[in-house]
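This is a predicted model, so every value here is computed, not measured. Numbered from 1 within each chain, the chains take letters A, B, ... in sequence-line order.
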There are 2 protein chains.
Amino acid sequence: MTVTSVHDPSHREALWELEAAFERGDLITAFGRCTVSYTGRAASELGSGDRLVVLKPDGAALVHTDEGRTPVNWQPPGSEHHAAVREGRLRVRSVRSSPAETLTVRFSDVHQLSTMTVTGGRDLDLHGSEEDLRTRVLERPALVDPGFEPRETERPTSAGPVDVFGVDGAGRPVVVELKRRRVGPDAVGQLDRYVEAVREEYRTGGFDDDRADTDGDDGDVHSDGDDGEGDDGDDDAGSDDDDGDGVRGVLVAPSITDRAAALLADRGFEHVALDPRPEGTDGDGRVSDDAGADDDRRGRNDEE
Amino acid sequence: MTVTSVHDPSHREALWELEAAFERGDLITAFGRCTVSYTGRAASELGSGDRLVVLKPDGAALVHTDEGRTPVNWQPPGSEHHAAVREGRLRVRSVRSSPAETLTVRFSDVHQLSTMTVTGGRDLDLHGSEEDLRTRVLERPALVDPGFEPRETERPTSAGPVDVFGVDGAGRPVVVELKRRRVGPDAVGQLDRYVEAVREEYRTGGFDDDRADTDGDDGDVHSDGDDGEGDDGDDDAGSDDDDGDGVRGVLVAPSITDRAAALLADRGFEHVALDPRPEGTDGDGRVSDDAGADDDRRGRNDEE
DNA sequence: GCCTAGGTCCCGTAC
DNA sequence: GTACGGGGCCTAGGC
């Protein structure tokens, strides 16, 4: 039996079904007239109305109205569901600790209650995330800068891990921050923190202080033989005509807002326009920078 | 009739029910074995398995497995739902434009399909948001700083609106950034952008350039009589022993991470520990700064 | 447990 | 429409 469903059950009937479903680890949907209370990180009250309540065996709870992608109330996984009849109403409560939070749904009427045994895979195969963008950059570093040579991903700094760290053709350190979508001012701040941390590293000594000792860890790129002095730069990696300390900051993202661009310029950083995916049939995915890069409505007609 | 439900319908039956429900503007749940494809800002594929699909009359679509608060696939409101039988399967598709996105669910088996007419309120009464924190600050400015005098909320700057803007006892401008929860480095960056924008204002002239002309708009505070010189400060509003330009930056939040605190100190800004809500019975909600401010497990027992 | 950042984030609001 | 920031954000990955 994969689905059970009862229409307009009495509260006792509903209670019985709920507890059996909890026991089985079923997915539960309840539709009915209810009020909802929540207290925890915040607190809320929702007056009477018809809602769809979903209770998952992992402890997640969702309360949906007829509008919005976001549930009007919810409880994340890890909660515990409880049901009871109180004051003539069916009370469903999901509770979790740390943070201490309680969601309470009180049904005056249950229109329908269903329980479902779920089987099958949950693994989503997703493309177009920041990780895809990183792959593109590592496979074709020239998209970032001619002569760019990635050295490490998730490179640790005192400000956190840098998405891609490497050197340019002149041997200057390059800090690359990747974003899968159009970026605003926050991304510039993020890049700024990383660049400043790296600059501070170079200032205060030979990059051995802040970096967690992760030689040969999983973040490395280019595990070829040369690990020491293979730099072909003519400068001593810094003090060039560039802005700060010789450390470059590059924001790789499909596009950037005006305000973010102004901030970026203010800090002396650069934007490289790049999509997380090779843009379908559109060549290599490099978007022309500082130019009208838009409207490629590829007429992808459905197969059926 | 508020609820209709069919068990193990044929695809044609299901199609009929779906189209009637679309017509009525009903909320729809479908549980069955299906695959899911998505393409748009990203792209994904989900293999066959049992899932709960929710279709809302506002165009929202949700695909839920038995785990997680977040749907495994979805479509935001504004999409258009379509149903058809193709290649022996029931195909439900939600499409939207800008961005162009398509969600396709292909059912090999529909275990249950329900349609529901939703009535009742959707307005949530929520407490504990940043707005509550702002209210607290405006009602009791001394919580931020003795002598702090709020002048404006959502004060426009070239970097965006400042949560609360005012002056301290010495007449120095104060930029306040509010956060309802513990803050990390990003919040410091945000505050930094605002403070820098205000400082630039003061540098480049008498605060009349970047500010949109919103005198007497809705962001003002203190519409009392005294608008001019009531300051009791002994300094001339700036050039004190303080860091920058005489403009102070204050981050008001319940707590702050170490890294954020270091950044804050580096910029010469301050943290004021404050909760969005008066913390139940806990006095005025001011949290002791730089001290072990924790564990107040108030034993709030349920009423029933 | 906390911290940090990504997300098909969603969502409201102002421009 | 774009932009910007809030959110009970959720979620994954480190430490």
Side-chain angles (χ1 to χ4, degrees), chain A residues 38-44 60 67-78 96 98-103 124 126-131 133-134 154 156 159-163 177-187 190 193-194 212 214 217-219 255-260 276-277, chain B residues 38-44 60 67-78 96 98-103 124 126-131 133-134 154 156 159-163 177-187 190 193-194 212 214 217-219 255-260 276-277:
Chain A
Y38 154 75
T39 183
R41 289 164 293 176
S44 72
E67 288 187 347
R69 203 218 63 144
T70 305
V72 64
N73 279 114
W74 70 87
Q75 198 69 285
R96 70 163 174 164
S98 79
E101 294 194 298
T102 301
L103 175 73
L124 188 72
L126 180 71
H127 305 281
S129 61
E130 181 178 307
E131 188 184 346
L133 183 55
R134 178 175 58 212
E154 304 299 324
V162 168
D163 283 342
E177 174 62 27
L178 305 171
K179 292 296 172 193
R180 71 167 301 282
R181 62 172 182 170
R182 185 172 176 85
V183 293
D186 53 339
Q190 201 178 334
R193 294 202 300 276
Y194 295 149
T214 55
D217 216 302
D218 70 331
S255 59
I256 184 170
T257 67
D258 287 349
R259 212 123 79 177
R277 292 189 301 170
Chain B
Y38 154 74
T39 183
R41 291 165 291 177
S44 72
E67 287 187 348
R69 203 217 64 144
T70 305
V72 63
N73 281 113
W74 70 89
Q75 198 70 285
R96 69 164 175 164
S98 86
E101 294 194 298
T102 301
L103 175 72
L124 188 71
L126 180 71
H127 306 281
S129 61
E130 182 179 305
E131 188 183 346
L133 183 55
R134 179 175 58 214
E154 305 299 324
V162 168
D163 284 340
E177 174 62 28
L178 306 171
K179 292 296 171 192
R180 71 168 303 280
R181 61 171 181 168
R182 185 173 178 83
V183 293
D186 53 340
Q190 202 179 333
R193 294 200 301 274
Y194 294 149
T214 54
D217 216 302
D218 69 332
S255 58
I256 183 171
T257 68
D258 286 350
R259 209 120 84 176
R277 291 188 301 170

(message) Generate the contact string for nucleotides 3-8 of chain C. Rules: B means base contact, S means sugar-phosphate contact only, - means no protein heavy atom under 4.0 Å.
(response) SSSSSB
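- At least one donor-acceptor pair under 3.5 Å links the side chain of B/E101 to the backbone N or O of B/R41.
- Here CD of A/Q190 is found 7.0 Å from CG of A/D163. Values are rounded to the nearest 0.5 Å.
- Annotation: side chain of A/P77 is in contact with side chain of B/R69 (closest heavy-atom distance under 4.5 Å).
- Annotation: D/dG7 and C/dG7 have their P atoms spaced 22 Å apart (nearest Å).
- Salt bridge B/R193/B/E177: absent, no basic N to carboxylate O contact under 4.0 Å.
- Between the side chain of A/R259 and the backbone N or O of A/G184, no donor-acceptor pair lies under 3.5 Å.
- The local environment of CD in B/E67 is crowded, with over 12 non-hydrogen atoms from other residues, nucleotides or ligands closer than 6.0 Å.
- Using a 4.5 Å heavy-atom cutoff, the side chains of B/T257 and B/R182 are in contact.
- Put simply, CG on A/L133 and CG on A/L178 are 4.5 Å apart, with the number rounded to the nearest 0.5 Å.
- Annotation: C/dT4 and D/dG8 have their P atoms spaced 22 Å apart (nearest Å).
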(message) Reading 5' to 3' and counting Watson-Crick or G-U wobble pairs with both distances under 3.5 Å, write the dot-bracket notation for DNA chain D, | for bases paired outside the strand.
(response) |||||||.|||||||
